Structure formats: C-alpha cells, structure tokens
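These notes concern the structure reproduced below.
Computed from a predicted model, the values in this text were never measured in an experiment. Starting from 1, each residue takes its place in the sequence as its number.
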Amino acid sequence: MGLLASARKEWFIIGIVLVILSAKLQPSVGVRGGPLKPEVTVAYVAVALIFFNSGLSLRTEELTSALLHVRLHLFVQSFTLIFFPLAVWLLLRVLALTTINQWLLRGLQTVSCMPPPVSSAVILTKAVGGNEAAAIFNSAFGSFLGIVVTPVLLLLFLGSSSSVPFSSIFSQLFMTVVVPLILGQVCRSFLREFLERRKLPFGTVSSAVLLMIIYTTFCDTFSNPNIELDPSSLLMVVFIIFFIQVSFMVLTFAFTSRSGSGFSPADTVAIVFCSTHKSLTLGIPMLKIVFEGYEHLSLISVPLLIYHPAQILLGSVLVPTIRSWMTSQQKAVKLSPVQPV
C-alpha cells in the first residue's frame, strides 16, 4: 500500500520515464508526420491547452496582497532571469573544456533561461510556512515575464537553431501562450464560483499534456540514428544540476537572511524557492517552439527534465530544516522585547 501511494504521488516522474521508454521502443508513432501529427497536435493544440488551463486555474485575486512587496519581486525576477543565466553562462565557459556532451551543456543554458514554476515553488513555500502570497505572485508574474524574456534569452545565449524568423517565433508564442492564458482568465471570471466549488485537477491535466509533449520530443530523437547520449556526460550533468541548485539556494538564503536585508524569514523562504526553481511546464513548450525541427532538441531538453524532479526532491528534503530555521527566527523575534531602562 505504501508503494502504491508513493507511485500515485510521484506519478508524473514515473510518467516521464515511461513515455521516454515508449518513445525508444516505437519512435515512429510520435515523430513529425507520424500518426500523432505532433507538428499540429503538440506544437499548437497541446501547448495552447496547457496555458489555457494555467489561465483558468490562476487565482489572480490572491496576487493582490503581495503586489506591493516590490523589493522582493525585483530580487526574485532579477536573480532568476538575469543573474542565473549569466552565472550559468560563465560556468559553461569552463565546462566547455571538458568532455561533457555539448548539447547537454546547451541544455543547462536553456534551464537557466526559464522562469520560476507556478507549482513547486509555491507548494514548498507553503509547506515550510513561508510567504505564500509572495511565492504565488512571483511564480505567476515570472511565468508572464517568461513568455517574452525566455525566448529572448534563449536566442541571445544559444541563437536561433532553425530557419524560423524571430517574428514567427513570437507570433507562435503569442497565439499558443498569451492568447490561451488570457482566454483562461476570462473564462475564470465567469466560472469562478463553479471552479472554487469543484476543485478541478488543473495540475494533473497540464502534467498529462506535458507528458505527450515529452513523448513526441523523444520520438524525434530516437528516430534519428546519428544522435547518441554518453552515460558519463549524463551523470556529470546530474551532478552539475544539484551543484547549481544547492549553490544558488545557499547564495539567496545568505543574502536575504542577513541582518539589515529588509526581508522577514517568511520572505526568505519564498525567495529561496522562487529564485532557484525553473518551470518545466513553460520550458518544454517554449523549447519546442524556439527550436522547432532541431534534431538535437531532446538532448537540449534533458537537463530541464532532470532539473524539475531534482528541485522538488531537494526542496522536499530541505523542508524540515528550513521550517525549523524559520520557526527559531520567529521565536527569537518574539522573545526579544525592548529592555526597560
């Protein structure tokens, strides 16, 4: 029973493994031009469905309470969309001298360009007891920023990998990301009471569609006999991903928890998770659009597929430690009244 419960809880991670294995066994099903027609069903319908679902589920009213915490928002967005990509770019200058697969290294750069996720950072912040409203705002605001900023960063650091013009990339992003998000928000305004009452499984729907996108991406890879993945490169990338996450969590924690930072312990928790987590839901469709038709797309996608479960695993392991730190900090504040003269 414990094993079954664990499988249900981690069904998405298990799903990623299963769809990659399925793509390996029968890649012809999900390749471009194959029975699934991913050039239409994935590139347009699946991506649009994910972001319509996000717009429908996003509680805009919950963000207003955190709107005025400008310093916190500036820190999170600047760290995740400016400092993070630049730091990884510098790291890759060194790693380029090693034997690690160059396409996996490029994948690390794509990870750095992604905005924070709408789900995991909020869930972990809530589990610790941090500033949940700030986490919700920055995750949602970061996703909206990512629609414009992420493609610019990808093209800046990696260049356009296909013959698709810059304008075409953004027009497709607008039609498959921005328009569905807006339509989802409009529909939510009419269906708010129904949605609040029924508690529909929005996250499950997006994750299921995302598995289809991952499946077709790897079908393209395994149908190309010229692409090989070195196991040692993969292990090195896993190690580098954990190193990046731990280093950046320590850095954001040290900077925001010091005296005089102006951030409360609850703020620090939200900052640590929102600044270091990256969105798989936005990332995979974005890579699919920007690098459409690129034979190494799946290898570039691998680090993001690793980063997603790694950030959840690492965050979950650290929840008790961070919670005890925050509790002790809050007690210290309560137990330090002004001494009488």
- Is it the case that one hydrophobic cluster holds both V94 and I100, taking links as side-chain heavy atoms less than 4.5 Å apart, direct or via other members? no
- Full working for side-chain contact (heavy atoms from CB on, under 4.5 Å) between L86 and I82: CA-CA 6 Å; L86 285 173; I82 299 176; 4.1 Å; yes
- Note on the structure: Exactly one of L211, I306, L21 clears side-chain contact (heavy atoms from CB on, under 4.5 Å) with I16, and that residue is L211
- Query: Which value, rounded to the nearest 0.5 Å, describes the distance between H73 atom NE2 and I271 atom CD1?
  - Reply: 10.0 Å
- Task: Going by the side-chain contact (heavy atoms from CB on, under 4.5 Å) test, name the single residue among L304, V237, V302 that passes it with L108.
- Result: V237
- Message: Less than 4.5 Å apart, side chain to side chain, heavy atoms only: is that true for Q77 and F141?
- Response: yes
- Query: V29, L18: one ILVMFWY side-chain cluster at the under-4.5 Å cut-off?
  - Reply: no
- Task: Look at the rings of H277 and F273 and say which category their plane angle falls in: under 30° parallel, 30 to 60° tilted, over 60° perpendicular.
- Result: perpendicular
- Item | Which atom of P320 lies closest to which atom of V317, heavy atoms considered | CD-O, 3.4 Å
- Task: Work out which heavy atom in G129 is nearest to a heavy atom in A266; give both atom names and the distance.
- Result: O-CB, 4.5 Å
- Apply the test side-chain contact (heavy atoms from CB on, under 4.5 Å) to residues K37 and V45: give CA-CA distance (whole Å), side-chain angles for both, the deciding distance (0.1 Å), then the verdict. CA-CA 11 Å; K37 300 293 182 186; V45 180; over 6 Å; no
- Item | side-chain hydrogen bond (donor to acceptor under 3.5 Å, both in side chains) partners for S28, two or more places apart | Q26
- Message: Could you see if L104 belongs to whatever hydrophobic cluster contains V238? Use Ile, Leu, Val, Met, Phe, Trp, Tyr and a side-chain cutoff under 4.5 Å.
- Response: yes
- Task: Would you check if D267 and S264 make a side-chain contact, meaning some heavy-atom pair closer than 4.5 Å?
- Result: yes
- Item | Any side-chain heavy-atom pair of T80 and P115 under 4.5 Å | no
- Could you give the distance from OH (Y307) to CG (L314), rounded to the nearest 0.5 Å? 9.0 Å
- Query: What distance separates N101 CG from S232 OG, expressed to the nearest 0.5 Å?
  - Reply: 9.5 Å
- Flag, side chain of S275 to backbone of V272, donor-acceptor distance under 3.5 Å: no
- Closest non-hydrogen atom pair between C219 and V31, with its separation: O-CG1, 3.4 Å
- Shortest non-hydrogen contact from T41 toward L36: OG1-O, 2.7 Å
- side-chain contact (heavy atoms from CB on, under 4.5 Å) between R71 and F263, worked out: CA-CA 9 Å; R71 283 185 67 251; F263 297 114; 3.9 Å; yes
- Query: Any side-chain heavy atom of Y215 sitting closer than 4.5 Å to one from P38?
  - Reply: no
Identify each donor-acceptor pair in which a side-chain atom of residues 252-260 lies under 3.5 Å from a protein atom, sequence neighbours left out, and give them as a table.
{"from": "T252", "atom 1": "OG1", "to": "F248", "atom 2": "O", "distance (Å)": "2.9"}
{"from": "T252", "atom 1": "OG1", "to": "M249", "atom 2": "O", "distance (Å)": "3.1"}
{"from": "T256", "atom 1": "OG1", "to": "T252", "atom 2": "O", "distance (Å)": "2.7"}
{"from": "T256", "atom 1": "OG1", "to": "T268", "atom 2": "OG1", "distance (Å)": "3.4"}
{"from": "S257", "atom 1": "OG", "to": "F253", "atom 2": "O", "distance (Å)": "2.5"}
{"from": "R258", "atom 1": "NH1", "to": "F255", "atom 2": "O", "distance (Å)": "2.4"}

- State, with a plain yes or no, whether a side-chain heavy atom of L195 is found less than 4.5 Å away from one of F190. no
- Using atom types as modelled and distance alone, determine if a side-chain donor or acceptor of Q311 lies under 3.5 Å from a backbone N or O of Q245. no
- Query: Do L251 and F79 come within less than 4.5 Å of each other through their side chains, counting heavy atoms only?
  - Reply: yes
- Can you check whether A96's main-chain N or O pairs, donor with acceptor, with Q102's side chain at less than 3.5 Å? no
Name the atoms and distances for all side-chain donor-acceptor pairs under 3.5 Å in residues 146-154, with sequence neighbours left out.
{"from": "T150", "atom 1": "OG1", "to": "C113", "atom 2": "O", "distance (Å)": "3.0"}
{"from": "T150", "atom 1": "OG1", "to": "G146", "atom 2": "O", "distance (Å)": "3.3"}

- Query: Minimum heavy-atom separation for A46 to V209, with atom names?
  - Reply: O-CG1, 3.4 Å
- Under 4.5 Å between any side-chain heavy atoms of V88 and V111, yes or no? no
- Query: Should I240 and L91 count as side-chain neighbours, where that means a heavy-atom distance under 4.5 Å?
  - Reply: yes
- Item | Within one Ile-Leu-Val-Met-Phe-Trp-Tyr cluster: L158 and F84, side-chain cutoff 4.5 Å | yes
- Message: Is it the case that the side chain of S189 and the backbone of V186 share a donor-acceptor pair, with hydrogens and angles ignored and the cut-off at 3.5 Å?
- Response: yes
